Number of protein chains: 2
Amino acid sequence: MFIGEFHHTIDDKGRIAIPSKYREILGKNFVITRGIEHCIYVYPSDTFNHIVTKLESLPFTKKDARAFTRFFMSGATAIELDKQGRVNIPSPLSLYANLSKKCVIVGTGDRLEIWDEEAFDEFMSSCNDEMSDIAENLFEEKI
Amino acid sequence: MFIGEFHHTIDDKGRIAIPSKYREILGKNFVITRGIEHCIYVYPSDTFNHIVTKLESLPFTKKDARAFTRFFMSGATAIELDKQGRVNIPSPLSLYANLSKKCVIVGTGDRLEIWDEEAFDEFMSSCNDEMSDIAENLFEEKI
DNA sequence: TATTTATCCCCCACTTTTCCCCACAATCTA
DNA sequence: TAGATTGTGGGGAAAAGTGGGGGATAAATA
């Protein structure tokens with residue numbers, strides 16, 4: 001399970017270090033792709049394949065299914081870590097997530113998310129106030 | 001069950017001692033994460049895992065689910081006590097809870113909460129007067 | 001086809017952070 | 001009063017993150 005928040009930097013060669021705590025969970029091969037809030041998702045291969053299976057069960061005759069599948073699959077790249085535990089972010093993804101030098105890597109259970117630091121701060125502060133309301137309505141019963 | 005209120009200090013390395021009365025309940029491994037009112041939650045692993053299971057049942061295609069999961073999971077860190085019974089508060093959490101030197105650790109049943117002392121005093125005095133109204137709507141029947 | 005250019009990846013080195021251990025002071029208990 | 005427990009402070013080793021050089025491979029151009 002991925003949890004935690006790490007602040008790393010992208011160097012001039014476009015590399016970013018994956019936090020060492022995540023490396024053993026991710027394994028040697030994994031997948032990165034576009035995420036929904038202009039961030040980048042990082043999935044272990046198994047998890048990614050599972051989601052793909054789900055997406056493929058949607059009919060291509062539905063507009064939303066086509067759009068989301070295109071969004072999700074076209075952004076995906078199979079990744080291997082270099083020996084220092086770093087990855088190269090493909091430039092289309094880097095552009096999509098608006099990555100500058102300072103990034104945030106967060107664990108959200110079954111995946112990692114890579115955010116531009118500024119965007120992440122903005123997201124967090126924007127939902128701090130709502131979080132009480134959001135939590136209020138997530139579950140009806142005691143969890 | 002966690003009850004009580006303790007006033008401890010964070011040292012220059014960001015460490016805070018867990019009150020010894022809580023240590024045996026927490027066990028050797030537990031989890032700290034962001035709490036809703038700008039405080040830090042401390043959960044025994046079992047309790048945390050239970051909540052995570054509930055969260056993972058929500059689809060990532062729902063916005064509120066993504067937001068809350070991100071909020072809750074990204075703040076989380078698995079903790080082991082050092083030999084002095086202290087924990088390291090990760091700096092993102094420390095910032096979130098606005099922790100300075102003096103902190104309050106309170107038991108609230110199934111979890112602990114770590115507050116900045118000043119924020120805790122403020123919260124307590126701010127809702128003391130409303131408590132009558134708050135209590136009014138909690139239950140419909142005798143408890 | 002040959003030469004140049006660019007990209008990727010490995011290696012080495014440095015800095016910073018983290019974690020573990022030891023020590024001391026204050027409080028509590030017998 | 002002596003000993004044990006609890007909270008606090010700090011030193012040092014190990015690990016993690018960061019930056020840059022250089023060689024191999026692939027792509028581009030003449």
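Keep in mind the model is a prediction, meaning the values are calculated, not measured. Keep in mind that the numbers below use all heavy atoms, side chains included, and drop hydrogens, waters and symmetry copies.
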Asks: Counting heavy atoms from C-beta on, name the nucleotide in D:dT18, D:dA16, C:dC10 closest to the side chain of A:S20.
Replies: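 For A:S20, the side-chain atoms sit closest to D:dA16.
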Asks: Using whole Å, report how far CG of A:D11 lies from C1' of D:dG20.
Replies: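 Whole-Å distance recorded here is 9 Å.
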Asks: Of the non-hydrogen atoms in A:I10 and A:S100, which two are nearest, and what is the gap between them?
Replies: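 Shortest heavy-atom contact: CD1-O, 3.7 Å.
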Asks: Which atom pair, heavy atoms only, marks the closest approach of A:R34 to A:S74?
Replies: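 Residues A:R34 and A:S74, closest heavy atoms: NH2-OG, 2.7 Å.
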Asks: For A:I18 and D:dT18, what is the distance between atoms CD1 and P respectively, to the nearest whole Å?
Replies: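 Taking atom P of D:dT18 as the reference, CD1 of A:I18 is at 11 Å.
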Asks: Report the distance from atom CG of A:D82 to atom C1' of C:dC11, rounded to the nearest whole Å.
Replies: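 To the nearest whole Å, that distance equals 11 Å.
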Asks: For B:L81, which contact category applies under a 4.0 Å heavy-atom criterion: base, sugar-phosphate, or nothing?
Replies: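 Since no nucleic acid heavy atom lies under 4.0 Å of B:L81, the category is nothing.
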Asks: How many whole angstroms separate atom CZ of A:F6 from atom P of D:dT18?
Replies: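 About 12 Å, once rounded to whole Å.
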Asks: Looking just at side-chain N and O atoms, do A:T108 and B:R66 make a donor-acceptor pair shorter than 3.5 Å?
Replies: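 The criterion, which ignores hydrogens and geometry beyond distance, is not satisfied for B:R66 and A:T108.
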Asks: Side chain of B:K101, heavy atoms from C-beta onward: which of D:dG9, D:dT18, C:dC9 has the nearest atom to it?
Replies: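 Minimum distance to the B:K101 side chain belongs to D:dG9.
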Asks: Report the distance from atom NE2 of A:H7 to atom P of C:dT17, rounded to the nearest whole Å.
Replies: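 Rounding to the nearest Å, NE2 of A:H7 and P of C:dT17 are 13 Å apart.
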Asks: Please pick, from D:dG20, C:dC10, D:dT8, the nucleotide with the shortest atom-to-atom distance to any side-chain atom of A:K83.
Replies: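 Among D:dG20, C:dC10, D:dT8, the one nearest the side chain of A:K83 is C:dC10.
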Asks: Is there a donor and acceptor pair, one atom on the side chain of B:R15 and one on the base of D:dG7, closer than 3.5 Å?
Replies: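 Flag unset: no donor-acceptor pair detected.
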Asks: Does D:dG17 have OP1 or OP2 under 4.0 Å away from a side-chain N or O of A:R23?
Replies: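 The answer is yes; a side-chain N or O of A:R23 sits under 4.0 Å from OP1 or OP2.
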Asks: Please determine, for the side chain of A:K13, which listed nucleotide (C:dC10, D:dT8, D:dG17) has the closest atom?
Replies: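 Minimum distance to the A:K13 side chain belongs to C:dC10.
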Asks: Mind calculating the distance between CD1 (B:I10) and C1' (D:dG9) to the nearest angstrom?
Replies: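 My rounded result for the distance is 15 Å.
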Asks: What's the closest nucleotide to the B:H8 side chain, out of D:dG7, C:dC21, C:dC11?
Replies: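 In terms of side-chain proximity for B:H8, the closest of D:dG7, C:dC21, C:dC11 is D:dG7.
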Asks: Determine whether the aromatic ring centres of residues A:Y43 and A:F2 are separated by less than 6.0 angstrom.
Replies: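 No, the ring centres sit 6.0 Å or more apart.
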Asks: Separation of B:I16 atom CD1 from D:dG7 atom P, in whole Å?
Replies: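 Answer to the nearest Å: 10 Å.
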Asks: Tell me which nucleotide among C:dC21, D:dT18, C:dC9 gets nearest to the side chain of A:N88.
Replies: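 The answer is C:dC9, which lies nearest to the side chain.
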Asks: CD of B:Q84 versus P of C:dA25: gap in Å, rounded?
Replies: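 Those two atoms, CD and P, are 16 Å apart.
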Asks: Work out which heavy atom in B:E5 is nearest to a heavy atom in B:Y22; give both atom names and the distance.
Replies: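 Looking at all heavy atoms of both residues, the closest pair is N-OH, 4.3 Å.
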